[in-house]
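Heavy atoms only: backbone and side chains are in, while hydrogens, waters and symmetry mates are out.
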Amino acid sequence: MYNINNQKLENLALEIRDDGIAILTLNRPKKRNALDAQTIEELISFFSSLPRNPDVRAVILRAEGDHFCAGLDLVEHHNEDRRPEEFMHICLRWHEAFNKMEYSGVPIIAALKGAVVGGGLELATSAHIRVADHSTYFALPEGQRGLFTGGGATIRVADLVGKARMIDMMLTGRIYKSEEGERVGLCQYVVEDSDAKAIELAQAAIKIPALSNFAICSGISHFQNMSALDAAYAEAVLAGVVNTQPAARERLEAFANKTAARVKPK
């Protein structure tokens, strides 16, 4: 059991490696890692701590068991029999967790397998990179259960696959298997071992200066919320800060001296 921000992690497991890669594991395998209120609070606690923790350079979000995440814990939801305003506040906590992820400024890579459905897909799309294995499948089954998405699917999933595909998923229960998911943009990689690929990608990400990663993993999302004119101005300001940092100067010098690696396909 781990402690972050004076909160014990019961439904998550955490390992922070010597290289600065944190491995955060959804740890409710008997529930297919369904998201109950406690898990959401633990996610908020962990991801709120990221910007203040210089020892963590990248995060791998993975899951114990055969499935990444089956979404909202429907048994808890049924047993709690919440009033409308109570469930609204639950949804706002989900948004708090997922916004902390997307705008953290720290690369987050989701290692996917099995079910990535409903709220599990909302969680996965809050990461910056998604790696699926061949067992992975994506769905938004809320419509079939008389429900509606409440954790950001209308923002992030629709942004990835488009409005029409998202509506189709909800109206018909359509399931995208791993390769289909990559084709429509739900994940960026399909591999045999998503955990191993996630580590490989995280190791590449931590070679980038932390300030540059902050710009990549927060600026782009912020800019998409702005008008084109405001985004252009904000991008220029951020580039002014990032592109003149000492770490950038060192890499530019290596490029000028022809000692830096060139960009070319393998």
Side-chain angles (χ1 to χ4, degrees), residues 11 26 28-41 43-44 61 63 65-102 110-127 130-188 190 194 221 224-225:
N11 295 340
L26 302 172
R28 302 181 78 211
K30 292 182 180 179
K31 286 281 200 174
R32 298 205 305 170
N33 296 306
L35 299 172
D36 63 355
Q38 172 67 24
T39 305
I40 292 297
E41 293 305 314
L43 287 168
I44 292 172
L61 179 63
D66 296 330
H67 300 278
F68 177 73
C69 181
L72 173 68
D73 188 329
L74 294 174
V75 174
E76 179 192 64
H77 180 55
H78 172 73
N79 291 340
E80 290 291 329
D81 194 22
R82 298 178 175 105
R83 298 190 306 274
E85 70 275 16
E86 290 176 327
F87 193 69
M88 178 192 73
H89 286 293
I90 290 288
C91 291
L92 289 174
R93 296 304 283 168
W94 282 50
H95 285 291
E96 179 76 9
F98 299 163
N99 286 337
K100 293 288 186 188
M101 293 173 61
E102 181 179 357
L112 308 178
K113 58 184 171 181
V116 184
V117 304
L121 182 53
E122 291 174 318
L123 172 63
T125 54
S126 303
R130 288 163 298 284
V131 183
D133 72 7
H134 294 292
S135 73
T136 305
Y137 58 94
F138 307 91
L140 291 172
E142 285 85 349
Q144 281 68 50
R145 297 189 174 113
L147 305 174
F148 189 74
T149 59
T154 56
I155 303 164
R156 296 184 181 91
V157 177
D159 185 53
L160 291 175
V161 305
K163 178 179 71 175
R165 282 198 177 99
M166 180 177 169
I167 291 173
D168 177 43
M169 290 174 75
M170 294 192 70
L171 285 180
T172 68
R174 181 172 183 170
I175 295 172
Y176 285 99
K177 295 182 181 179
S178 53
E179 287 80 4
E180 297 173 304
E182 181 186 21
R183 177 175 57 81
V184 300
L186 290 170
C187 62
Q188 293 103 310
V190 177
S194 57
S221 289
Q224 287 191 323
N225 297 327

Are the side chain of Thr39 and the backbone N or O of Leu35 linked by a donor-acceptor pair below 3.5 Å? no

The reported gap from CD in Gln38 to CD1 in Ile40 (rounded to nearest 0.5 angstrom) is 10.5 Å

Passes side-chain contact (heavy atoms from CB on, under 4.5 Å), Thr136 versus Ser194? Steps please. CA-CA 10 Å; Thr136 305; Ser194 57; 6.0 Å; no

Identify whether the distance between the nearest side-chain nitrogen and carboxylate oxygen of Arg183 and Glu179 falls below 4.0 Å. no

Can you tell whether the side chains of Lys31 and Asp36 come within less than 4.0 Å, N to carboxylate O? no

Locate the shortest heavy-atom distance separating Phe138 from Val117; write the atom from each residue and the value. C-CG1, 4.5 Å

Less than 4.0 Å between a side-chain N and a carboxylate O, is that true for Glu122 and Arg156? no

side-chain contact (heavy atoms from CB on, under 4.5 Å) for Val157 and Thr149? Distances and angles first, verdict last. CA-CA 10 Å; Val157 177; Thr149 59; over 6 Å; no

Taking all non-hydrogen atoms of both residues into account, name the closest pair between Val161 and Val184 and its distance. CG1-O, 3.6 Å

Look only at the side chain of Lys113 and the backbone of Ala63, and say whether a donor-acceptor pair between them is shorter than 3.5 Å. yes

Taking the six-membered ring for Trp, are Phe87 and His77 parallel (under 30°), tilted (30 to 60°) or perpendicular (over 60°)? tilted

Main-chain N/O of Cys187 paired with Glu182 side-chain donor or acceptor, under 3.5 Å: no

Output the distance between atom OG (Ser221) and atom CG (Asn99), rounded to the nearest 0.5 Å. 9.5 Å

May I ask you to check whether over 12 heavy atoms, not counting those of Asp66, lie within 6.0 Å of atom CG? no

Mind checking the CG-CE spacing from Leu92 to Met88? Nearest 0.5 Å is all I need. 5.5 Å

Side-chain donor or acceptor of Arg130 paired with backbone N/O of Leu186 under 3.5 Å: yes

Once rounded to the nearest 0.5 Å, what's the spacing between atom CD of Glu41 and atom CD of Glu96? 9.0 Å

Closest approach of Gln224 and Asp159, non-hydrogen atoms and distance? OE1-OD2, 3.9 Å

Nearest heavy-atom approach of Ala115 to Arg32 is CB-NH1, 4.1 Å

To the nearest 0.5 Å, atom CG of Leu123 lies from atom CH2 of Trp94 at 8.0 Å

Between Gly120 and Phe68, what is the shortest heavy-atom contact and its length? O-CE2, 3.7 Å

Taking Lys177 first and then Glu180, would you say they form a salt bridge - that is, a charged N and a carboxylate O separated by under 4.0 Å? no

Donor-acceptor pair, Arg28 side chain versus Ala34 backbone, under 3.5 Å? yes

For Lys30 and Gly65, indicate whether the former's side chain and the latter's backbone hold a donor-acceptor pair under 3.5 Å. no

Just by modelled atom types, is the Ala37 backbone N or O under 3.5 Å from a matching donor or acceptor in the Glu76 side chain? yes

All heavy atoms of Asp133 vs all of Gly114, minimum pair found to be OD1-N, 4.2 Å

Starting at CG of Leu112, measure out to OH of Tyr137 and round the result to the nearest 0.5 Å. 12.5 Å

Does Leu43 form a side-chain contact (heavy atoms from CB on, under 4.5 Å) with Lys100? I'd like the steps, not just the answer. CA-CA 9 Å; Leu43 287 168; Lys100 293 288 186 188; over 6 Å; no

Test your reading of the model: is there a side-chain donor-acceptor pair from Asn33 to the backbone of His67, 3.5 Å cut-off? yes

Between the main-chain N or O of Ser135 and the side-chain N or O of Ser178, is there a donor-acceptor pair closer than 3.5 Å? no

